[in-house]
Amino acid sequence: MAKNLLIVESPAKAKTINKYLGTDFQVLASYGHVRDLRPKEGAVDPERGFAMAYEVIDRNEKHVDAIAKAARQASTIYLATDLDREGEAISWHISEILKERGLLEGKEVLRVVFSEITPKAIKEAVANPRKLSHDLVDAQQARRALDYLVGFNLSPVLWRKVQRGLSAGRVQSPALRMIVEREEEIEAFKAREYWSIEAALAHADGAFTAKLTKLHGKKFEQFDLTNEADAMSARASLEKAAAGKFTVSEVTSRERKRRPAPPFTTSTLQQEAARKLGFTTSRTMRIAQGLYEGVSLGSEGNVGLITYMRTDATALSNDAVTELRELIARDYGAQALPDGPQVYKSKSKNAQEAHEAVRPTSAMLTPRSVASYLNDDQRKLYELIWKRTVACQMIHATMNTVSVEFAVADSSFRSTGTTVIDPGFLAVYEEGRDQKNEEDEDQRRLPRLAEGDVVDVSAIAADQHFTEPPPRYSEASLVKTLEEYGIGRPSTYASIIQVLLNREYVLLDSRRFKPTDVGRAVSNFLSGHFTRYVDYDFTAKLEDELDAVSRGEEQWVPLLERFWQPFKTLVDDKTESVDRSEATGARELGTDPKTGKPVSVRLGRYGPYAQIGSKDDEDKPTYASLRPGQSMHTITLEDAMELFKLPRNLGQSDAGEDVTVGIGRFGPFVKQGSTYASLKPEDDPYVIELPRALQLVQEKLEAIANRIIQDFGNDVQVLNGRYGPYITDGEKNARIPKDRDPKTLTEAECLELLAAAPVKKPRGGKAGKKTATKKTAAKKTATKKAAPAKKTAVKKAAAKKTTVKKTATKKAATKKTATKKAAAKKAPAKQAT
């Protein structure tokens with residue numbers, strides 16, 4: 001048994017490190033966090049100094065037990081989890097668990113950190129351990145306590161006032177506010193018309209264009225021409241004055257230098273991967289995690305290709321810079337090297353929390369040399385990181401910008417172009433942009449021109465334009481804005497975005513975030529009633545205070561005390577004082593011309609809907625769900641009235657059942673009797689006719705019939721699923737052994753397989769973690785209570801199987817034909833069911 005135990009977070013990392021340290025070390029993985037707060041109220045107790053009640057996470061219990069078993073035999077325990085606050089907290093939780101189990105007496109517990117998984121870095125880290133940093137642990141605990149207190153106290157208010165199953169987060173709520181405010185800006189935007197005038201010019205060295213910059217002696221601004229008549233009049237006067245020729249009145253040239261971008265931080269890596277590769281933030285971090293933990297490079301085995309990917313530092317180690325300069329001199333020439341290393345200052349106040357920028361562990365591992373060992377995503381991301389890192393240590397790019405003025409009577413045109421004198425770092429890498437700007441348009445080469453030269457005018461064109469609203473946030477621009485405001489930290493950007501998507505507060509439309517009606521209701525409610533807690537400056541200041549805790553400059557309990565009391569007072573007040581219709585953002589659209597009753601749109605349990613009448617009327621109000629793509633914030637009275645034309649009665653089926661079409665929670669549908677069938681994208685519920693509706697219902701019935709392989713009549717079924725046949729009882733799903741035919745399974749066998757199957761993982765989305773946790777707890781209790789009954793049911797089913805088998809054997813010859821006829825008769829009824 002190895003005398004040293006080293007604990008990391010992931011099994012991939014454990015495998016790589018184990019190879020580097022040899023037989024004196026046993027390397028085990030914690031598989032991420034090992035403990036978390038109890039998922040119930042009271043897990044953080046403000047009355048007892050914010051005492052936090054932790055428990056081992058169910059899915060990691062076996063890994064904790066394995067660590068405990070190994071710790072019992074080891075003399076020294078090295079805690080080598082990640083180098084950020086989360087990693088420090090995981091190491092602390094592991095040490096606390098081992099202490100509680102009495103496994104640390106007489107043992108040395110050491111903390112080691114490294115930012116890259118290479119033999120040199122690992123051995124240096126083990127040779128230079130430290131003690132656990134309680135400042136970092138306190139900062140992480142404070143963050144976790146804050147998130148818990150906000151979630152467990154604010155989410156129930158949303159449940160009561162907006163919609164059940166919603167949640168509010170300390171950091172996700174300001175991010176949602178950003179997206180909603182941008183949407184409101186877009187909706188409030190009013191386009192303005194303007195016209196530009198541009199000349200197409202001909203030259204022996206190539207055609208080019210020039211823009212109008214002065215009109216009749218005045219500087220030409222964007223809104224100087226706002227209608228077609230004025231634009232055409234200006235164009236005609238310019239054509240007359242030019243007479244087909246432009247004369248160069250002035251040529252100016254200036255040289256400028258452009259510095260390379262700094263190496264990647266977490267934020268800039270996510271932004272650039274979104275711009276250049278189309279990766280989501282979560283996809284970027286998942287791929288980067290794999291590159292960091294190690295990739296098999298053939299005979300070399302697993303090699304960590306990049307440094308730690310959660311960092312807000314832009315620093316590079318001396319060894320890394322030396323290697324980069326060697327590579328640049330070798331591959332790009334000595335002229336591509338600056339006199340000394342390029343040094344970049346981090347924008348983050350707390351960048352010392354992580355040691356280096358995201359960089360290749362070795363610049364000599366070029367993208368070409370490792371490409372054959374990487375999948376497509378890994379190759380693209382590694383190449384991006386490698387190029388950015390190499391470019392940051394290269395010489396600046398030297399550009400020459402030429403501007404040519406053309407005088408046309410009392411007006412003038414200008415043409416601008418840029419040529420690259422020395423590409424410098426641009427030979428390797430150029431940073432992407434979220435939007436095009438004027439500089440992009442100037443990246444063109446102009447013919448060589450001198451003052452007095454005359455060029456031919458091919459045409460002078462006047463073009464109509466309209467101002468555009470600000471664009472919706474992309475993942476890259478949202479991360480950039482969050483970072484600029486100081487909201488969240490490198491490790492949280494991907495999870496913030498994922499939570500907003502999972503909760504269906506926002507959706508991605510052409511890779512841009514668009515808030516849903518639920519998201520807008522949540523944001524507007526929080527902005528209106530919990531203004532301080534979704535305020536950008538307040539959230540950023542709280543992040544700074546947490547950073548101060550991590551540096552040992554502030555204590556975490558007083559920080560929580562300052563936050564908690566005013567927050568709790570406000571929650572209690574709003575729980576009683578806010579009206580639900582106000583919280584959901586209900587809007588009155590106008591009056592129904594038939595009944596004279598008010599028409600409004602509201603947010604209900606299953607989403608937005610239109611309503612004619614009110615709850616105070618003698619008659620019950622009429623309701624209609626909004627169609628996909630419609631928003632309660634932009635729908636008009638005319639659009640809403642169209643919704644009440646549904647459901648439509650299309651007629652009857654051959655069996656005499658009514659056939660109707662309507663719109664429900666999941667979109668447009670056809671209903672025949674008790675059977676529902678969704679309309680296809682090409683079907684319009686307002687014009688669909690009976691034959692097409694019957695066809696859709698028939699397709700649905702056939703799909704249902706083909707889906708059910710066996711039905712035992714007690715909720716236990718054998719079904720055809722997306723990934724093949726499986727067993728279900730509505731609560732749990734069970735796999736079917738590969739050597740068994742699903743058609744031959746008995747009820748007893750199905751019950752046994754279901755009993756052994758794991759409980760289904762709760763989905764994200766609207767139900768929320770709190771609901772999922774309660775359901776899981778309830779299921780565990782129900783399973784314990786039902787165990788004896790289920791055991792009896794299995795025995796009875798087995799006995800029943802034996803009896804039925806004997807009877808069936810005796811009567812098989814005489815009833816074979818009758819069974820076939822009975823099955824044929826039952827089939828249609830079964831399909832309808």
Side-chain angles (χ1 to χ4, degrees), residues 198-211 213 246 248-264 268-269 271-277 314 316 321 324-344 357 359-360 363 366-368 380 383-406 413-451 453 455 476:
E198 188 172 88
L201 306 176
H203 191 275
D205 292 339
F208 62 106
T209 60
K211 289 183 176 180
T213 56
F246 273 7
V248 177
S249 58
E250 185 182 1
V251 177
T252 57
S253 176
R254 66 183 180 90
E255 196 173 281
R256 61 186 178 90
K257 295 175 180 178
R258 185 170 156 194
R259 288 196 70 193
F264 281 130
T268 54
L269 175 61
Q271 292 173 50
E272 198 74 338
R275 292 186 197 109
K276 290 194 167 184
L277 307 178
T314 53
L316 296 174
V321 171
L324 284 165
R325 288 176 65 85
E326 288 175 7
L327 176 117
I328 292 165
R330 184 192 76 185
D331 292 354
Y332 301 97
Q335 75 282 357
L337 274 176
D339 293 337
Q342 305 268 30
V343 178
Y344 299 90
R359 64 165 176 84
T366 63
R368 180 179 294 182
K380 288 176 182 176
E383 185 174 25
L384 193 72
I385 295 168
W386 186 90
K387 285 184 174 181
R388 172 93 164 214
T389 310
V390 171
C392 85
Q393 290 303 312
M394 293 179 72
I395 198 168
H396 56 259
T398 305
M399 327 287 283
N400 184 45
T401 300
V402 177
S403 183
V404 181
E405 297 280 342
F406 299 94
F413 286 76
R414 179 184 297 145
S415 187
T416 306
T418 299
T419 55
V420 178
I421 298 172
D422 182 351
F425 74 91
L426 290 176
V428 177
Y429 181 85
E430 182 170 10
E431 189 177 21
R433 296 189 184 95
D434 289 318
Q435 289 178 276
K436 289 186 177 181
N437 54 31
E438 291 181 10
E439 189 177 325
D440 294 318
E441 296 177 3
D442 293 340
Q443 303 298 314
R444 57 187 171 189
R445 195 171 192 134
L446 295 179
R448 189 179 295 277
L449 295 167
E451 192 174 328
D453 286 353
V455 296

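Start at 1 with the first residue, then count along the sequence. Owing to the predicted nature of the structure, the values given are computational and were not obtained by experimental measurement.
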#### Entry: Residues which pass salt bridge (Lys or Arg N to Asp or Glu O under 4.0 Å) with Arg388, listed by chain and number, not counting sequence neighbours
Glu431

### Query
Between the main-chain N or O of Phe264 and the side-chain N or O of Thr268, is there a donor-acceptor pair closer than 3.5 Å?
no

### Summary
Quick note, salt bridge (Lys or Arg N to Asp or Glu O under 4.0 Å) partners involving residues 331-340, not counting sequence neighbours, are none

### Query
If we only count heavy atoms from C-beta on, is the Cys392 to Pro263 side-chain gap below 4.5 Å?
yes

Less than 3.5 Å apart, which donor and acceptor atoms pair up between the side chains of residues 421-428 and the rest of the protein, not counting sequence neighbours?
unit_1, atom_1, unit_2, atom_2, d
Asp422, OD1, Gly424, N, 3.1

### Leu449 side chain near Phe208 side chain, heavy-atom distance below 4.5 Å
yes

### Task
Evaluate the side-chain proximity of Thr389 to Tyr429: yes if any heavy-atom separation is below 4.5 Å, no if none is.
no

### Query
Among all residues two or more places apart in sequence or in another chain, which pass the side-chain contact (heavy atoms from CB on, under 4.5 Å) test with Ala200?
Ser458

### Task
Using side-chain hydrogen bond (donor to acceptor under 3.5 Å, both in side chains) as the criterion, list what pairs up with Thr398, not counting sequence neighbours.
none

### Query
Okay, side chain of Trp386, backbone of Pro360: is any donor-acceptor separation there less than 3.5 Å?
no

### Message
Test of understanding: with side-chain hydrogen bond (donor to acceptor under 3.5 Å, both in side chains), list the residues that count as partners of Ser249, not counting sequence neighbours.
### Response
none

### Query
Could Glu326 and Arg330 be called an ion pair, given the rule that one side-chain N must be under 4.0 Å from one carboxylate O?
no

### Task
Please report the shortest heavy-atom distance between Asp205 and Arg448, naming the atom on each side.
OD2-N, 4.3 Å

## Note on the structure
Residue set satisfying side-chain contact (heavy atoms from CB on, under 4.5 Å) with Gln342, at least two apart, ordered chain then number -> Arg259, Pro260, Pro338, Tyr344, Gln393

### Beyond-backbone contact of Ser415 with Leu201, side-chain heavy atoms, under 4.5 angstrom
no

### Query
Given Thr416 and Val404, is the side chain to side chain contact (heavy atoms under 4.5 Å, CB included) satisfied, shown in steps?
CA-CA 6 Å; Thr416 306; Val404 181; over 6 Å; no

### Query
Between Ala363 and Leu327, which heavy-atom pair has the shortest distance, and what is it?
O-CD1, 3.4 Å

### Query
Of all residues at least two apart in sequence or in a different chain, which pass the ring-ring contact (aromatic ring centres under 6.0 Å, His included) check with Phe246?
Phe406, Phe413

## Note on the structure
By salt bridge (Lys or Arg N to Asp or Glu O under 4.0 Å), Lys276 pairs with (sequence neighbours left out) Glu272

### Query
Would you say the side chain of Val402 lies within less than 4.5 Å of the side chain of Thr252, judging by non-hydrogen atoms?
no

### Query
Does the side chain of Glu430 reach to within under 4.5 Å of the side chain of Arg258, using non-hydrogen atoms?
yes

### Query
Of all residues at least two apart in sequence or in a different chain, which pass the salt bridge (Lys or Arg N to Asp or Glu O under 4.0 Å) check with Arg414?
Glu405

### Query
Taking side chain as C-beta onward, heavy atoms only, is Thr419 less than 4.5 Å from Leu446?
no

#### Entry: Ser403: partners by side-chain hydrogen bond (donor to acceptor under 3.5 Å, both in side chains), with sequence neighbours left out
none

### Task
Grab the two heavy atoms, one from Val251 and one from Glu451, that are nearest each other, plus how far apart they are.
CG2-N, 4.1 Å

### Task
Report the residues that fulfil side-chain hydrogen bond (donor to acceptor under 3.5 Å, both in side chains) with Ser253, sequence neighbours left out, ordered by chain and then residue number.
Asn400

